[in-house]
Amino acid sequence: MHMMRAIKQGQWAVLLWPYLLAISIPLDCRDEQGGLSRCPSISQEKLLDRVIQHAELIYRVSEESCSLFEEMFIPFPLQLQRNQAGYPCITKALPIPSSKSEIQQISDKWLLHSVLMLVQSWIEPLVYLQTTLDRYDGVPDMLLNKTKWVSEKLISLEQGVVVLIKKMLDEGMMTTTYSEQSLFQDDGQPEMLESVMRDYTLLSCFKKDAHKMEILLKLLKCRQNDIYSCA
């Protein structure tokens, strides 16, 4: 039964994967010289829409990747162990608002900066995740392709958010101190069980943060239309 669920989920993923790629609007802001000259030509409203769409797709694919990894490599007792044991998310220390009241009180500027902090904090861990998944026996190509796709789209999302900050807040290029310090530490090659649990935690935490990025960006979009009705 466990294997049948994995196969069935994999079949649906294969069917939906081309659709996800087809509806994804490119958000590559860099030109041939590496500058961010493409996105500034897009209106602020359309750029925000594209950034939100990217965040939605990233969250959707991260959710599918996490479920697929769980079905393939995590027995149910280990799922409970991850929930009960100390596997903290790498972005736990970031000053990102979490409660509904906190999110409602922060400014548009801090909304965008919070999204950028989350995006930049996950770029390096997702690259690491791709290298560790390559060492797994029997890892499906679908899972490898999804993690690679998310990693690439996250960089595009970072570019879009940076340009959006420049457009909406009249600020130049910026990075966060957190990306420079690197919240993620690679401790070499751990034991297989530890590696599996670590990768599972990375996928689960990224899925959670990807959802948070989507929520913050949609709140920003709502504020652009009607600040008084946004929850």
Side-chain angles (χ1 to χ4, degrees), residues 20-62 90-91 94-98 102-127 129-130 146-184 206-227 230:
L20 285 174
L21 293 179
I23 65 174
S24 176
I25 299 177
L27 189 63
D28 185 7
C29 297
R30 295 195 182 278
D31 54 28
E32 290 77 7
Q33 287 73 40
L36 301 179
S37 64
R38 291 178 177 170
C39 287
S41 62
I42 306 172
S43 70
Q44 176 179 307
E45 182 179 3
K46 288 184 178 180
L47 179 58
L48 179 56
D49 287 341
R50 290 192 185 186
V51 167
I52 290 174
Q53 186 195 44
H54 257 60
E56 288 174 338
L57 287 173
I58 287 172
Y59 171 61
R60 191 186 312 172
V61 177
S62 70
I90 61 172
T91 55
L94 291 178
I96 306 294
S98 55
E102 288 177 330
I103 293 175
Q104 288 176 336
Q105 292 174 14
I106 63 176
S107 64
D108 292 354
K109 176 179 180 177
W110 192 242
L111 276 177
L112 281 172
H113 285 194
S114 297
V115 173
L116 187 60
M117 276 192 286
L118 287 171
V119 170
Q120 292 178 334
S121 297
W122 277 107
I123 290 176
E124 182 182 342
L126 288 183
V127 173
L129 182 62
Q130 292 177 62
K146 283 177 182 292
T147 54
K148 181 180 179 181
W149 183 90
V150 168
S151 182
E152 292 172 349
K153 292 301 177 184
L154 198 65
I155 295 175
S156 296
L157 182 61
E158 178 195 24
Q159 297 170 9
V161 172
V162 167
V163 176
L164 199 56
I165 288 174
K166 183 175 178 61
K167 279 179 173 289
M168 296 184 67
L169 308 176
D170 195 27
E171 295 184 5
M173 285 289 293
M174 62 161 292
T175 56
T176 66
T177 56
Y178 298 96
S179 64
E180 295 296 328
Q181 294 174 354
S182 183
L183 293 171
F184 182 74
F206 176 70
K207 178 184 72 171
K208 178 181 177 181
D209 282 345
H211 192 214
K212 186 175 291 186
M213 296 175 206
E214 178 187 347
I215 290 174
L216 293 177
L217 288 167
K218 286 184 175 179
L219 175 59
L220 181 63
K221 173 70 174 180
C222 179
R223 286 182 177 182
Q224 303 302 302
N225 298 326
D226 185 0
I227 192 171
C230 299

>> Show the nearest heavy-atom pair for residues Leu157 and Ala55, with the distance to one decimal.
In response: CD1-N, 4.4 Å

> So which heavy atom on Leu216 is nearest to which on Ser114, and how close?
Replying inline: CD1-CB, 4.0 Å

> Between Ser121 and Ile90, what is the shortest heavy-atom contact and its length?
Replying inline: O-CD1, 4.0 Å

>> So which atom in Ser151 and which in Val127 form the shortest heavy-atom distance, rounded to 0.1 Å?
In response: OG-CG2, 4.0 Å

> Roughly how far, to the nearest 0.5 Å, is the CE atom of Met213 from the CG atom of Leu116?
Replying inline: 10.0 Å

>> For the NZ atom of Lys146 and the CZ atom of Arg60, what is their distance to the nearest 0.5 Å?
In response: 10.0 Å

> When rounded to the nearest 0.5 angstrom, what is the spacing between CD in Glu124 and CG in Leu129?
Replying inline: 12.5 Å

> Do Gln159 and Val162 come close enough that some side-chain heavy atom pair is under 4.5 Å?
Replying inline: no

>> Suppose we screen for side chain to side chain contact (heavy atoms under 4.5 Å, CB included). Which residues come up paired with Ile123, at least two apart in sequence or across chains?
In response: Leu154, Ile155, Glu158

>> Under the rule for side chain to side chain donor-acceptor pair (under 3.5 Å), what residues qualify as partners of Lys148, not counting sequence neighbours?
In response: none

> Taking it one step at a time, do Leu126 and Thr147 satisfy side chain to side chain contact (heavy atoms under 4.5 Å, CB included)?
Replying inline: CA-CA 7 Å; Leu126 288 183; Thr147 54; over 6 Å; no

>> Is there a side-chain contact between Gln105 and Trp110 in this structure, where contact means two heavy atoms from C-beta onward sitting under 4.5 Å apart?
In response: no

>> If I take atom CD from residue Glu56 and atom OH from residue Tyr59, how far apart are they, to the nearest 0.5 angstrom?
In response: 11.5 Å

> Minimum heavy-atom separation for Val150 to Ser62, with atom names?
Replying inline: CG2-N, 4.3 Å

> What's the verdict on side chain to side chain contact (heavy atoms under 4.5 Å, CB included) for Ile96 and Thr91, showing C-alpha distance, side-chain angles and the deciding distance?
Replying inline: CA-CA 9 Å; Ile96 306 294; Thr91 55; over 6 Å; no

> In Å and rounded to the nearest 0.5 Å, what is the CD to NZ distance from Gln53 to Lys46?
Replying inline: 13.5 Å

> Who passes salt bridge (Lys or Arg N to Asp or Glu O under 4.0 Å) against Glu45, sequence neighbours left out?
Replying inline: Lys221

> Is the Phe206 ring parallel, tilted or perpendicular to the Trp122 ring (thresholds 30°, 60°)?
Replying inline: perpendicular

> Please walk me through it: do Met168 and Leu220 pass side chain to side chain contact (heavy atoms under 4.5 Å, CB included)?
Replying inline: CA-CA 11 Å; Met168 296 184 67; Leu220 181 63; 3.9 Å; yes

> Taking atom CD of Gln224 and atom CG of Leu219, what is their separation to the nearest 0.5 Å?
Replying inline: 10.0 Å

> Which is it for Arg223 and Leu111 under the side chain to side chain contact (heavy atoms under 4.5 Å, CB included) test, yes or no, and what are the steps along the way?
Replying inline: CA-CA 11 Å; Arg223 286 182 177 182; Leu111 276 177; 3.5 Å; yes

>> So which atom in Gly160 and which in Leu47 form the shortest heavy-atom distance, rounded to 0.1 Å?
In response: O-CD2, 4.1 Å

